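Values reported hereafter were calculated over all heavy atoms of this structure, with side chains retained and with hydrogens, waters and symmetry mates removed. Naming convention: chains lettered A, B, ... in sequence-line order (proteins, then strands); numbering from 1 in each chain. Because the structure is a prediction, the values reported are computed rather than measured.
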Amino acid sequence: MAEQKALTTRAADFSAWYNEIVARAELADYSPVRGCMVIRPNGYAIWEQMQRALDQMFKDTGHQNAYFPLFIPQSYLAREAEHVQGFAPETAVVTHGGGKLLDEPLVVRPTSETIIYAMYAKWIQSYRDLPVLINQWANVVRWEMRTRLFLRTTEFLWQEGHTAHATEAEAEEETLRMLGVYRTFMEQWMAMPVITGRKTESERFAGALRTYSCEALMQDNRALQASTSHNLGQNFARAFEVTFQTAEGGLDYVWNTSWGASTRLIGALIMTHSDDLGLVCPPRLAQYQVIIVPIYKSAEERVMVLEASDRLRKELAAGGVRVQVDTREGLKPGAKYYHWEERGVPLRIEIGPRDVSSGSVVLVRRTGGKKESIRLEEIASRVTVAMNDMQTELLQAALGRREAATLRGATKAQFIAKMEQEGGLVYGGYCGSGTCEAEIKEQTKATIRVLPDPEFRSPVPPTECMWCGGSSIAEAVWAKAY
RNA sequence: CGGGACGUGGCGCAGUCCGGUAGCGCACUGCAAUGGGGUUGCAGGGGUCGCGGGUUCAAAUCCCGCCGUCCCGACCA
């Protein structure tokens with residue numbers, strides 16, 4: 001019976017395992033509109049935690065929030081040649097309004113560069129107006145051919161930062177600063193290790209000068225682009241006439257950046273930490289960090305245990321812990337344990353009559369922990385310690401899995417074999433030729449995730465291209481990706 | 001758009017070959033007992049069998065047409 005209810009194991013079919021986690025934890029569901037996702041309360045709660053943390057980090061780096069329209073005149077998209085090429089195929093277009101055919105079709109934003117820089121053109125006159133540091137929390141629509149809950153849906157929620165600067169150096173600094181913000185968030189909040197670096201020409205954002213990203217490795221050894229940060233140069237400024245008078249009195253185009261992260265992060269979170277019992281959520285992002293399960297038989301015990309549970313809930317809540325008591329009647333404790341485990345609650349406290357009379361409770365960790373009996377007076381501090389430990393251990397575990405799946409300095413044959421078999425990350429020399437890149441994708445399905453930043457590079461830099469043997473211009477990280 | 005599969009209560013499926021009262025599991029509702037790792041028992045509600053046409057005394061089942069969904073590829077945060 002228990003086996004029948006166990007999750008599909010990760011190894012057997014990662015995709016089925018993922019879908020089952022999403023369904024059982026009640027995170028999201030498909031909507032009647034094809035490709036569009038409904039984020040259910042449990043999933044949205046995680047998003048809210050993410051939003052809160054990221055938003056604070058954006059404010060700490062001097063950004064403000066604003067909101068721009070959902071509709072973009074079709075002609076705006078066309079002003080930046082590369083941009084329209086990149087996005088036109090996947091746009092949804094509104095042709096009618098108020099029952100009449102519109103003079104100009106309106107595109108539902110696939111991203112907001114164009115509408116935002118059209119506004120910046122009005123707002124920016126002088127170098128004194130710079131920098132403009134704005135972020136928007138919004139939904140966007142991209143008509144993808146195939147979708148997957150959280151990872152790729154027709155409509156998704158995200159934040160997109162759009163900044164304007166007086167110099168190229170400042171724009172580059174901003175681009176890298178925000179890449180760092182994402183990295184910090186992913187490591188410290190999501191407990192998800194990432195590799196940062198630059199994208200190659202083929203994966204660069206349409207219209208950008210340079211694209212950087214945070215790449216993470218999932219438990220099935222496929223890579224996931226978790227966020228991006230673009231230095232847009234003056235491309236959009238030229239297209240939208242965003243000019244300013246310099247301190248020296250000349251006229252120049254501004255330098256723009258844009259950066260974004262989406263609800264895809266929830267998918268990343270699931271695929272990074274979860275196990276065959278269900279979702280595993282790092283304490284810092286959990287909707288409920290602690291669930292208290294009262295255990296009782298008689299009516300007297302029930303009153304006693306519920307009172308004790310509520311006192312403990314109040315004590316923990318007063319200390320800033322997100323905690324709830326599972327007071328549902330008619331369910332055996334075991335059923336409640338499974339219920340909260342598949343929803344990823346980091347810590348569980350069991351309180352029964354024996355605990356109440358002995359002045360203690362049982363503390364259980366979602367991952368790898370045994371049941372521990374804790375004195376009531378110590379519980380608050382032990383909960384804090386357990387959460388901190390868990391946050392660190394999840395990151396370490398994920399890091400360990402990534403390192404185990406990483407191959408550095410591979411030969412061409414080793415690389416092909418690895419991609420055919422277990423997958424994972426391969427570091428190797430790259431000659432910079434798009435031909436090599438295309439050939440590799442064709443033969444192995446692997447792509448260059450990133451040209452890694454210095455701290456991720458191999459101690460001994462490769463001198464030859466892993467594929468053609470020509471001289472290497474950079475080290476690249478290859479993987480099959482989502 | 002190319003290749004494959006599937007449409008039967010909310011979900012997952014059997015039944016289709018060989019036509020004959022629409023079933024099972026889970027979930028849901030009610031009552032009772034149970035309760036330290038997915039509890040039992042009893043009772044109950046819910047289905048135009050994807051849509052349209054045809055064959056037949058009789059169609060979930062056979063025939064024709066259409067529609068939809070999913071999986072594999074190209075696109076992608």
Length of the [atom1]-[atom2] vector between [X] and [N], whole Å:
X: A:K297; N: B:U39; atom1: NZ; atom2: P; value: 16 Å
X: A:F14; N: B:C71; atom1: CZ; atom2: C1'; value: 18 Å
X: A:E300; N: B:G35; atom1: CD; atom2: P; value: 14 Å
X: A:I292; N: B:G36; atom1: CD1; atom2: P; value: 19 Å
X: A:L331; N: B:U40; atom1: CG; atom2: C1'; value: 14 Å
X: A:Y30; N: B:G68; atom1: OH; atom2: P; value: 19 Å
X: A:E301; N: B:G35; atom1: CD; atom2: C1'; value: 10 Å
X: A:N19; N: B:C71; atom1: CG; atom2: P; value: 8 Å

[N] to [M] separation - [atom1] atoms, rounded to the nearest Å:
N: B:A33; M: B:C17; atom1: C1'; value: 48 Å
N: B:C28; M: B:G20; atom1: C1'; value: 33 Å
N: B:U8; M: B:G12; atom1: C1'; value: 12 Å
N: B:C51; M: B:G10; atom1: P; value: 13 Å
N: B:C6; M: B:G46; atom1: P; value: 32 Å
N: B:G15; M: B:C49; atom1: C1'; value: 11 Å
N: B:C70; M: B:G25; atom1: P; value: 29 Å
N: B:U61; M: B:A22; atom1: C1'; value: 12 Å

Item to check | With A:E341, the salt bridge (charged side-chain N to carboxylate O under 4.0 Å, His left out) member among A:R365, A:R348, A:R366 | outcome: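 Going through the options one by one, the only one that passes is A:R348.
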Nucleotide of [options] approaching [X] most closely (side-chain heavy atoms):
X: A:R142; options: B:A77, B:G38, B:G36; result: B:A77
X: A:E90; options: B:C75, B:G36, B:G37; result: B:C75
X: A:E144; options: B:A77, B:G38, B:G36; result: B:A77
X: A:S262; options: B:A77, B:U39, B:G37; result: B:A77
X: A:R264; options: B:G37, B:U39, B:A77; result: B:A77
X: A:V362; options: B:A77, B:G37, B:G36; result: B:G36
X: A:I295; options: B:C75, B:A77, B:G35; result: B:G35

If we call it a pair only when both distances are under 3.5 Å in a Watson-Crick or G-U wobble match, what pairs with [N]?
N: B:G20; answer: B:C57
N: B:C66; answer: B:G50
N: B:U39; answer: B:A33
N: B:C1; answer: B:G73

Checklist entry - Does the cation-pi check pass for A:R148 over A:Y18, that is, NZ or CZ under 6.0 Å from the six-membered ring centre and within 45° of its axis? => result yes
With a 3.5 Å cut-off and just heavy-atom distances, do the side chain of [X] and the base of [N] make a donor-acceptor pair?
X: A:R348; N: B:G37; value: yes
X: A:K371; N: B:G37; value: yes
X: A:E341; N: B:G37; value: yes

Next on the checklist: On RNA chain B, does the nearest nucleotide to A:G86 precede the nearest nucleotide to A:G35 from the 5' side, or the other way round? Give the residue.
Outcome noted: A:G35
Next on the checklist: Please compare A:R328 and A:F150 by the position of their nearest nucleotide in RNA chain B and report the one closer to 5'.
Outcome noted: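 First, find each residue's nearest nucleotide; the 5'-ward one identifies A:R328.
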Checklist entry - Can you check whether A:H83 and A:F205 have ring centres sitting under 6.0 Å from each other? => result yes
Checklist entry - For the ring pair A:H162 and A:Y117, is the centre-to-centre distance below 6.0 Å? => result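 For A:H162 and A:Y117, the ring centres are under 6.0 Å apart.
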Checklist entry - Angle class for the A:W137/A:W47 ring planes (parallel below 30°, perpendicular above 60°, tilted otherwise)? => result perpendicular
Item to check | Geometric class of the A:F14/A:Y482 ring pair [parallel <30°, tilted 30-60°, perpendicular >60°] | outcome: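 Tilted: the ring planes of A:Y482 and A:F14 meet at 30° to 60°.
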Checklist entry - Going through the checks in order, is the side chain to side chain contact (heavy atoms under 4.5 Å, CB included) test met by A:Y120 and A:F240? => result CA-CA 9 Å; A:Y120 283 9; A:F240 289 89; over 6 Å; no
Item to check | Under 5.5 Å and under 30°: A:Y338 stacked on B:G38 | outcome: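 The ring of A:Y338 is stacked on B:G38.
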Next on the checklist: When you compare the ring of A:F156 with the six-membered ring of B:A77's base, are the centres less than 5.5 Å apart and the planes under 30° from each other?
Outcome noted: yes
Checklist entry - Is there a side chain to side chain contact (heavy atoms under 4.5 Å, CB included) between A:M186 and A:L265 once you walk through the steps? => result CA-CA 9 Å; A:M186 287 170 201; A:L265 291 178; 3.9 Å; yes
Checklist entry - Between A:K441 and B:G73, is there a side-chain N or O to OP1/OP2 distance below 4.0 Å? => result no
Checklist entry - Within the structure, does a side-chain N or O atom of A:K332 lie under 4.0 Å from either OP1 or OP2 of B:G36? => result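 The answer is yes; a side-chain N or O of A:K332 sits under 4.0 Å from OP1 or OP2.
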